Structure formats: structure tokens, C-alpha cells
Amino acid sequence: MNALHLRRLAVAVSAAAVLPLALTSCSSTDTKDSASGAGADKASSASAPASAATPADEPFGPACSSVPKNGAGSFDGMAQDPVATAASNNPDLATLVTAVKAAGLVDTLNSAENITVFAPTNEAFAKVPKADLEKLLANKEELTKVLTYHVVGQKIAPKQLSNGSFDTLEKSKLTTSGSDMTYTVNDSAKVVCGNVRTANATVYIVDSVLMPPQ
């Protein structure tokens, strides 16, 4: 009986010694697998691309690259000022600003709310024969008619330009067409930098002066 008892005791001791080793091995494997899974999840999260800003929320067009990165004439700077003031800080709109001042429309444009302005560049005005442009600038009534034809009494989002028809402050309509951030006004003037925000307006800079219907 003593020998049998000793053998049973030896087996029990042996089992007790082996069990912790087995448990340690399993724990180590589980921890490693868990860590591996967590690492994979982290890597997957890190590799996921950040959501990009919707193009429709940002200015677009080839001429946008010439806008200053900083200062009052930058996109951020113009967003702080009403539209006539913002335009005066953009060198590419110098002729337009001269025309707006000659027509006495600075306060009218700056005090308006939620408007859209189709703003011709200096090059757009340069397409108009010099004599005709000088005559226009000297005729306040006619100049006011032309300039207010460039203004719509609502904010227009880029997607609305795809096939649009809008009432202008001049009381005539202008039309827009296009897609994929490439738009044309009245089938002639191209939007070269669009969706520019000012404090009270959305601005679409165009490469030709728009003439109201006669």
C-alpha cells in the first residue's frame, strides 16, 4: 500500500508541475494573437484614406492658382469681406472694380445679401474694343445695366450651373451650362475660377464680359 500511495503522489506532483507550463503556453499564444489582431486593425485604420473635401465645397478652375495664398486677396481673406471690397483685393479684377466704382455700385454690392457675381477678369474687359469700353465707362446708366447683368440675387452652387437659367439684377436672364467643374455662361464666357466665397456672395470669375439682351 505504501508503494502504491507513493506512485499516486508522484503522478499528482508531476501533473501539477506540467499544468502551469501548459497554461502559460496557451496564454502566451492568445496574447500574441490578440496583439497581432490589434496591430492589424491599427494598420488597417492607418492605411484608410482620409475623407477628402468635396470639390463642390472648394474654389475650382485654372485661374484659381493665381490667387494669393495669404493676405486680403487670398481665398480666406476674400471670405472675410463683402464682395466689392473682396474684389478690390484681387489684382485680376482691377478693371471690374474701376467699373463698379464708376457706376456707384460699391455700397449696393457690399450691402446685398446672398448674391452671386459673375466677375469678368481684366483680360475679359481687354477683349472689348478700347473705344467701346471707354464709352461704356463714361455712361453711368449703361454701365450700371451691364454690371448688374453680372449679378444674380441668390447664391448659386456649382452643381446648379450644369443647366441653369437665372434672373439677374438687371432684370434679364443669363444661362449656364457644363459639368465636372467646367462651366460656360451664355454659351460664351468660361468660368476660370469658380465658387469663390466672400462675406455676402459667391463669385464665379469669367473670361468674358457678359452683355445683357438688347
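From a predicted model like this one, the values you see are computed outputs, not experimental measurements.
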Review point. Between atom CZ of Phe166 and atom OG of Ser172, what is the distance when rounded to the nearest 0.5 Å?
Key: 15.5 Å

Point to revise | CZ on Phe60 to OH on Tyr183, rounded to 0.5 Å | key: 5.5 Å

Practice item. Check the pair Leu143, Leu137 against side chain to side chain contact (heavy atoms under 4.5 Å, CB included), reporting the backbone distance first and the verdict last. Key: CA-CA 6 Å; Leu143 180 60; Leu137 292 173; 4.2 Å; yes

Exercise for review: Can you measure from CD (Gln214) to NZ (Lys145) and round to the nearest 0.5 angstrom?
Suggested key: 5.5 Å

**Study point:** Heavy-atom donor-acceptor pair, Asn200 side chain to Leu109 backbone, under 3.5 Å
**Key:** yes

Point to revise | Gly73 versus Met78, closest heavy-atom pair with distance | key: O-CE, 3.6 Å

Review point. Hey, is the main chain of Gln154 close enough, under 3.5 Å, to the side chain of Thr116 for a donor-acceptor pair?
Key: yes

Revision key, fill the gap. Here the pair of heavy atoms bringing Gly153 nearest to Ile115 is CA-CG2, 4.2 Å

Point to revise | Considering all heavy atoms, the nearest Thr198-Asp81 contact | key: CB-O, 3.3 Å

Study note, to complete from the structure: One should read off an interatomic distance between Leu105 CG and His150 NE2, to the nearest 0.5 angstrom, of 12.0 Å

Review point. Looking only at side chains, do Thr95 and Asn122 share a donor and an acceptor under 3.5 Å apart?
Key: yes

Check your understanding: Any idea which heavy atoms bring Pro120 and Leu93 closest together, and the distance?
Key -> O-CD2, 3.5 Å

Point to revise | Heavy-atom pair with the smallest gap, counting every atom of Ala124 and Val206 | key: CB-O, 4.0 Å

Check your understanding: In this structure, which one of Val151, Val152, Leu147, Val117 forms a side-chain contact (heavy atoms from CB on, under 4.5 Å) with Leu169?
Key -> Val151

**Study point:** Residues, nucleotides or ligands: over 12 heavy atoms within 6.0 Å of Lys155 NZ
**Key:** yes

Exercise for review: List the steps and the verdict of side chain to side chain contact (heavy atoms under 4.5 Å, CB included) for Val146 and Met211.
Suggested key: CA-CA 6 Å; Val146 171; Met211 292 298 180; 4.1 Å; yes

Review point. Is the backbone of Asp92 close enough, under 3.5 Å, to the side chain of Asn90 for a donor and an acceptor to pair up by distance?
Key: yes

Exercise for review: Please assess Thr202 against Asn195 for the test side chain to side chain contact (heavy atoms under 4.5 Å, CB included), listing each intermediate value before the final yes or no.
Suggested key: CA-CA 6 Å; Thr202 300; Asn195 205 30; 3.8 Å; yes

Review point. Would Tyr204 and Leu161 count as a side chain to side chain contact (heavy atoms under 4.5 Å, CB included) if you check the C-alpha gap in whole Å, the side-chain angles of each, and the deciding distance to 0.1 Å?
Key: CA-CA 10 Å; Tyr204 292 92; Leu161 299 178; 3.5 Å; yes

Revision key, fill the gap. Heavy-atom nearest pair, Lys140 first then Gly104, reads CE-N, 4.4 Å

Check your understanding: Crowded around Asn163 CG? As in, over 12 foreign heavy atoms under 6.0 Å?
Key -> no

Review point. When you measure from the side chain of Tyr149 to the backbone N and O of Lys173, does any donor-acceptor pair fall under 3.5 Å?
Key: yes

Practice item. Only pairs at least two apart or in different chains count here, so list each salt bridge (Lys or Arg N to Asp or Glu O under 4.0 Å) that has a residue in residues 100-113. Key: none

